[in-house]
Amino acid sequence: MLIVMEQKATPEDIEGVVTAIESRGYKARPIPGGERIAIGVLNNEGPVDASFFSGLSGVKEVIPVTRPYKQVSREFQPENTVVRIDNVTVGQGNLTMIAGPCAIESEDQAMTIARHVQRAGAHIFRGGAYKPRTSPYSFQGLGEEGLKILSRVRESTEMPVVTEAMDDDTFELVEEYADLIQIGARNMQNFSLLRRAGRSRKPILLKRGIAATIDEWLMAAEYILEGGNSQIILCERGVRTFVHHSRNTLDLSAVPYVQNESHLPIIVDPSHAAGRRDQVMPLSRAAVAVGAHGLMIEVHHNPDTALSDGAQSLYPEQYEALYLQVQSILDTFQI
Ligand code: PEP
Ligand code: MN
């Protein structure tokens, strides 16, 4: 339930409503808005009786929140959330480009790719230092050394960096180095990691689970918001289906659906959805046309020798062409 206050409501009125909510055993979450404040009622198991609050001083209206992912829902917050990563914004009517290799392999590799993608319009550099791999024998990432390389890339290019936090043990270390912290598809329902992300002051990039419904995905985001961190970007990266022509199936209908259901920004990762280079450009065009707030693309200057996901990594020239194509779609359709 959401209690919307009158514009002229006083701090005492707000305090009175908070006390009334808490005295019934619920949690009050004030949400400052542009014009007036609203107060969310949380922790209720069943429906809350609106008449408890509708007569209180300064209350304009009481709106029931019907979605299970309360704080993530548009009912709770009608205005779009804009996520800020240093001087880069996501969800403010712009298209945010994130690009870089799957994994940080060396300083030379990371710097070379960062320079290429920056020249071709990237706003944020990506690269895994801790890699969730299907096989324990595959390259697992450089760990802290990878994080250090990422911070040198940031220093040298002034691009913010995103990298994955795979578990509670290394979250703090990742938090120290990253500007945006990724929670990967395999960890979308790692609830202790989600709670840890909720306590973080850094923005979170939450990827959709490999077999997650949109409800499950939005509930995962709810854990982070519930923990106190509202800076969340959702990332559609394809789900597992029966097909063999791509690694996963990119669910582009998730974009308008999520934008209707939630105020959180949503970007698309066509690289992990496709698993193969030739599909990345067409899927990127489609993602932009469908209204995604950004793209995350894997790029490698020498994909044949990449230690992970080489087959889906674009050559720098391909990334540059992709950037130009999506810009022309934005201009043509005024998206
Ligand atoms: C990645 O971004 O490198 C990654 C492992 O993605 P996902 O969690 O979507 O598989
Ligand atoms: Mn990858």
Side-chain angles (χ1 to χ4, degrees), residues 96-105 109-110 113-114 117 122 124-136 138-143 146-147 149-150 161-167 170-171 174 178-190 193-194 197 203-212 214 216-217 220-221 232-241 246-252 254-255 266-277 279-280 283-284 287 292 294-315 319:
T96 308
M97 298 295 288
I98 305 176
C102 179
I104 301 298
E105 299 167 7
Q109 172 250 20
I113 300 170
V117 298
I124 299 176
F125 182 67
R126 66 146 289 148
Y130 296 93
K131 294 305 303 175
R133 303 304 301 277
T134 302
S135 163
S138 302
F139 175 60
Q140 305 284 308
L142 295 180
L147 296 175
I149 293 173
L150 278 167
V161 296
V162 56
T163 196
E164 178 165 351
M166 259 177 45
D167 49 44
T170 50
F171 194 97
V174 172
D179 301 298
L180 171 64
I181 302 168
Q182 175 168 321
I183 295 191
R186 292 156 191 82
N187 265 322
M188 190 206 80
Q189 281 190 321
N190 179 338
L193 194 62
L194 294 173
I204 306 294
L205 179 64
L206 179 65
K207 292 191 125 190
R208 182 178 180 180
I210 286 171
I214 292 183
E216 288 165 340
W217 187 18
I232 305 166
I233 304 164
L234 299 166
C235 178
E236 162 61 38
R237 46 78 73 208
V239 286
R240 175 70 53 86
T241 66
S246 57
R247 182 174 174 181
N248 291 288
T249 297
L250 184 60
D251 178 12
L252 281 182
V255 174
I266 175 169
I267 68 164
V268 168
D269 168 355
S271 304
H272 290 89
R276 41 187 285 180
R277 189 173 304 130
Q279 294 179 359
V280 172
L283 291 177
S284 300
L295 292 175
M296 179 151 88
I297 312 285
E298 284 188 344
V299 179
H300 202 290
H301 62 303
N302 196 355
D304 290 346
T305 64
L307 298 179
S308 64
D309 286 349
Q312 68 199 32
S313 298
L314 295 189
Y315 289 95
Y319 172 71

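First listed ligand is number 1; within each ligand, the first listed atom is number 1. From a predicted model like this one, the values you see are computed outputs, not experimental measurements.
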**Student:** Is the closest N or O pair between D309 and ligand 1 shorter than 3.5 Å?
**Tutor:** no
**Student:** By number and element, which atoms of ligand 1 are closer than 4.0 Å to a non-hydrogen atom of G184?
**Tutor:** 8 (O)
**Student:** Pairs of nitrogen or oxygen atoms closer than 3.5 Å, one from E164 and one from ligand 1: do any exist?
**Tutor:** no
**Student:** Between Q109 (side chain only) and A103 (backbone N and O only), is there a donor and an acceptor less than 3.5 Å apart?
**Tutor:** yes
**Student:** Is the closest N or O pair between M296 and ligand 1 shorter than 3.5 Å?
**Tutor:** no
**Student:** Looking at every non-hydrogen atom in both residues, tell me the closest pair between S135 and Q140 and how far apart they are.
**Tutor:** O-NE2, 3.2 Å
**Student:** Does ligand 1 have an atom that lies less than 4.0 angstrom from a heavy atom of R208?
**Tutor:** no
**Student:** What are the two closest heavy atoms between A165 and I181, and how far apart are they?
**Tutor:** CB-CG2, 3.7 Å
**Student:** Considering only the protein, which heavy-atom contact is closest to atom 9 (O) of ligand 1, and what is its distance?
**Tutor:** R237 NE, 2.6 Å
**Student:** Would you mind running through ligand 1 and noting each atom that sits below 4.0 Å from a heavy atom of R126?
**Tutor:** 1 (C), 2 (O), 3 (O)
**Student:** Evaluate H272 for polar contact with ligand 1, using N/O atom pairs at a separation under 3.5 Å.
**Tutor:** yes
**Student:** Got a second to check how far R208's CZ is from L234's CG, nearest 0.5 Å?
**Tutor:** 10.5 Å
**Student:** Please list, in number order, the atoms of ligand 1 under 4.0 Å from a heavy atom of E298.
**Tutor:** 3 (O)
**Student:** Looking only at protein heavy atoms, identify the closest one to atom 6 (O) of ligand 1 and say how far it is in Å.
**Tutor:** K207 NZ, 2.9 Å
**Student:** Measuring from the Mn ion (ligand 2), name the closest N, O or S atom belonging to H272.
**Tutor:** NE2
**Student:** Any idea which heavy atoms bring A185 and R237 closest together, and the distance?
**Tutor:** CB-NE, 3.4 Å
**Student:** If you measure from CD1 on I232 to CD1 on I266, what distance do you get to the nearest 0.5 Å?
**Tutor:** 13.0 Å
**Student:** Please report the interatomic distance CD1(I267) to CD1(I98), rounded to the nearest 0.5 Å.
**Tutor:** 4.0 Å
**Student:** Out of H300, R277, R247, which one pairs with Q312 under the side chain to side chain donor-acceptor pair (under 3.5 Å) rule?
**Tutor:** R247
**Student:** Check all N, O or S atoms of E298 and name the one closest to the Mn ion (ligand 2).
**Tutor:** OE2
**Student:** Closer than 4.0 Å to some heavy atom of A185 - which atoms of ligand 1 meet that?
**Tutor:** 7 (P), 8 (O), 9 (O)
**Student:** Output the atom name for the N/O/S atom of D309 with the smallest distance to the Mn ion (ligand 2).
**Tutor:** OD2
**Student:** Quick one: do K131 and D309 make a salt bridge, cutoff under 4.0 Å?
**Tutor:** no
